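Below: the structure, in C-alpha cells.
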Amino acid sequence: MGLADDAKDALNATGKKIGEVVDDTKERVSDKVDELKADAEVKRAEGDVKRAEAERDATQAKNDYKEKLRD
C-alpha cells in the first residue's frame, strides 16, 4: 500500500500545483487587462485634454481676430 499511497499523494500534489498555476495565470491575465484598460483611459483623457486645448486656442484666436476688427 505504501507505493499506491505515495503515487496518490504525488498526484494530489501535482493537481494542486496545476490548480495554483491556473489561478496564477488567470490573475496575471486579469492584471494585464486592468493595466491595458488604465492605459486606454489615460490615452482617452489625454485626447480629451488636447481637444479642449485646441478648442480653447481656437476660441482665443477667434476672439483676438474679432477684437482686432473692433479697433
Side-chain angles (χ1 to χ4, degrees):
M1 283 285 215
L3 186 58
D5 287 338
D6 289 345
K8 184 178 174 182
D9 288 343
L11 286 174
N12 283 336
T14 301
K16 286 181 183 180
K17 184 64 176 176
I18 290 171
E20 290 172 3
V21 169
V22 168
D23 289 342
D24 288 346
T25 301
K26 287 190 325 190
E27 267 188 63
R28 285 186 181 106
V29 168
S30 177
D31 291 347
K32 189 63 174 178
V33 167
D34 291 344
E35 182 181 326
L36 292 172
K37 284 181 182 178
D39 286 344
E41 179 63 25
V42 166
K43 287 179 183 178
R44 186 194 62 76
E46 287 173 350
D48 289 346
V49 168
K50 287 179 182 177
R51 275 190 293 282
E53 289 173 342
E55 187 174 326
R56 178 202 61 205
D57 293 345
T59 301
Q60 185 176 4
K62 177 190 72 166
N63 290 343
D64 289 346
Y65 176 75
K66 288 169 65 177
E67 187 63 34
K68 286 180 184 178
L69 289 177
R70 290 186 192 110
D71 290 340

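Quantities reported herein were computed from a predicted structural model and do not represent experimental measurements.
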* Report the distance from atom CG of Asp6 to atom CG of Leu11, rounding to the nearest 0.5 Å. => 11.0 Å
* Residue pairs fulfilling salt bridge (charged side-chain N to carboxylate O under 4.0 Å, His left out) with at least one residue in residues 28-38, sequence neighbours excluded -> Lys32-Glu35
* Could you identify which residues cluster with Leu69, counting Ile, Leu, Val, Met, Phe, Trp and Tyr as linked when any side-chain heavy atoms lie under 4.5 Å apart, either directly or through a chain of such contacts? => Tyr65
* To do: Hey, could you give me each pair passing salt bridge (charged side-chain N to carboxylate O under 4.0 Å, His left out) that has a residue in residues 47-63? Not counting sequence neighbours.
  => Arg44-Asp48, Asp48-Arg51
* To do: Write out all pairs satisfying side chain to side chain donor-acceptor pair (under 3.5 Å) with one or both partners inside residues 11-27, taking only residues at least two apart or from two chains.
  => none
* Which other residues belong to the hydrophobic cluster containing Val21, where Ile, Leu, Val, Met, Phe, Trp and Tyr are joined when side-chain heavy atoms lie under 4.5 Å apart, directly or via other members? -> none
